[in-house]
Amino acid sequence: MSLAKTASMRQMLTFRTVARLGSVSRAAEELHLSQSAVSIQLGSLESSAGVALVARTGRGIRLTQAGEMLLTYADRLFALWHETSDEMATFLGDFSGTLRIGAVTTAEYWLPRLLVVFVTENPKVKIKLTVGNRDEIVRSLATQQIDLAVMGRPPAELSVDSVPIGKNPLAFVASPQHPLFSVPRLDMARLAEEQMLVRENGSGTRTHIERLFRDVGLRLRVGSELSSNEAIKQMCAAGFGPAFLSLHTCILELDAGRLKILPLPNNPSEREWHAVHLTARPLPQVAAAFAQFLRQGGQTEMLRPLLRYLLPERRLRSPRARLA
Ligand code: PGA
């Protein structure tokens with residue numbers, strides 16, 4: 001028997017609920033069905049699939065290998081089902097739906113502020129934000145768990161459309177008590193003698209510092225490597241370092257005088273933020289509207305708190321400064 005001909009969305013919903021809760025009785029409770037109705041639906045789905053999808057264990061239920069595979073498709077089916085409903089509502093003039101967006105960890109320092117502005121303007125929109133490292137966000141995009149991703153460089157391994165949405169200023173920073181602040185005419189050659197606190201391989205921040213050192217023909221001495229902006233900041237403010245960080249991540253520490261930008265030429269430097277989506281998949285209207293919102297107002301909003309830390313020529317290029 002073919003699954004496509006005989007299985008129903010209702011059976012898929014039941015299967016997904018059982019999979020999530022790991023129990024027929026709890027699924028029955030959540031779906032307001034009797035336990036036998038849940039078992040009958042599961043049984044029908046299994047006979048349509050021609051294979052067992054769940055196995056009974058002492059404590060409840062676990063998915064078989066076939067069940068795991070079906071679950072990934074069930075998740076995609078339901079995401080598309082919800083999107084269908086949102087798109088129909090938007091078509092009828094009711095702008096609602098879920099913005100499924102992913103962001104690399106450095107973007108979590110500015111993106112939520114912009115999300116607040118967007119949902120305030122569009123109160124029926126719900127947010128589902130996934131924050132992760134670059135690999136995780138690329139994977140979420142590839143498996144369509146998110147519709148839109150905010151990251152530095154767009155992934156080369158996927159076929160994507162991307163638009164630049166604003167600048168990411170990155171800088172060498174240290175605790176204000178660090179001896180480097182007493183070095184006259186500090187330059188990259190002197191900095192290269194230090195053990196640096198850096199982000200993990202593969203992150204945009206790490207790629208950028210490696211490029212800066214490569215460009216001037218110097219070797220980067222990695223002191224400690226941490227996958228967390230937060231941990232780097234804390235270690236650096238405690239006197240360890242210098243560190244290389246996006247300024248988005250350390251506005252509070254700069255404002256409080258716990259960290260200071262090192263007086264080096266061209267420090268901070270810049271990367272670009274991009275909004276990225278899969279070329280092959282039409283962007284849901286909510287995601288398209290947010291991408292448009294980022295393109296139009298993103299730069300102004302995201303740089304507002306750190307304008308005073310930018311180099312004067314970059315400050316002039318920022319839209320906020322032009323308005324001021
Ligand atoms: P990341 O992001 O360093 O957290 O990967 C910043 C970027 O990609 O520029």
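We use all heavy atoms of the structure for the numbers below, so side chains are in, but hydrogens, waters and symmetry mates are not. Read the numbers this way: they start at 1 and go in the same order the structure lists the ligands and their atoms.
- Side-chain atoms of S25 and S23 include a donor-acceptor pair closer than 3.5 Å.
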Expected rows: ligand 1 N/O, protein N/O, dist below 3.5 Å:
from     : atom 1 : to   : atom 2 : distance (Å)
ligand 1 : 3 (O)  : R199 : NH1    : 3.4
ligand 1 : 3 (O)  : G204 : N      : 3.2
ligand 1 : 3 (O)  : T205 : N      : 2.8
ligand 1 : 3 (O)  : T205 : OG1    : 2.6
ligand 1 : 4 (O)  : T105 : OG1    : 3.4
ligand 1 : 4 (O)  : T106 : N      : 3.4
ligand 1 : 4 (O)  : T106 : OG1    : 2.7
ligand 1 : 4 (O)  : R199 : NH1    : 3.2
ligand 1 : 4 (O)  : R199 : NH2    : 3.1
ligand 1 : 5 (O)  : G204 : N      : 2.8
ligand 1 : 8 (O)  : G152 : N      : 3.2
ligand 1 : 8 (O)  : R271 : NH2    : 3.2
ligand 1 : 9 (O)  : N168 : ND2    : 3.4
ligand 1 : 9 (O)  : R271 : NE     : 2.5
ligand 1 : 9 (O)  : R271 : NH2    : 3.2

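- R20 is linked by a salt bridge (Lys or Arg N to Asp or Glu O under 4.0 Å) to E30, counting only residues two or more places apart in sequence or in another chain.
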(message) Could you walk me through whether E225 and R199 satisfy the salt bridge (charged side-chain N to carboxylate O under 4.0 Å, His left out) test, starting with their C-alpha distance in whole Å, then the side-chain angles of each, then the deciding distance to 0.1 Å, before giving a yes or no?
(response) CA-CA 5 Å; E225 178 181 297; R199 282 279 307 278; over 6 Å; no

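- Using modelled atom types, one finds no donor on one side chain facing an acceptor on the other under 3.5 Å when comparing N133 with T105.
- The distance from the OG1 atom of T64 to the CD atom of E46 is 7.5 Å, given to the nearest 0.5 Å.
- A donor and an acceptor atom, one from each side chain of S175 and Q177, are located under 3.5 Å apart.
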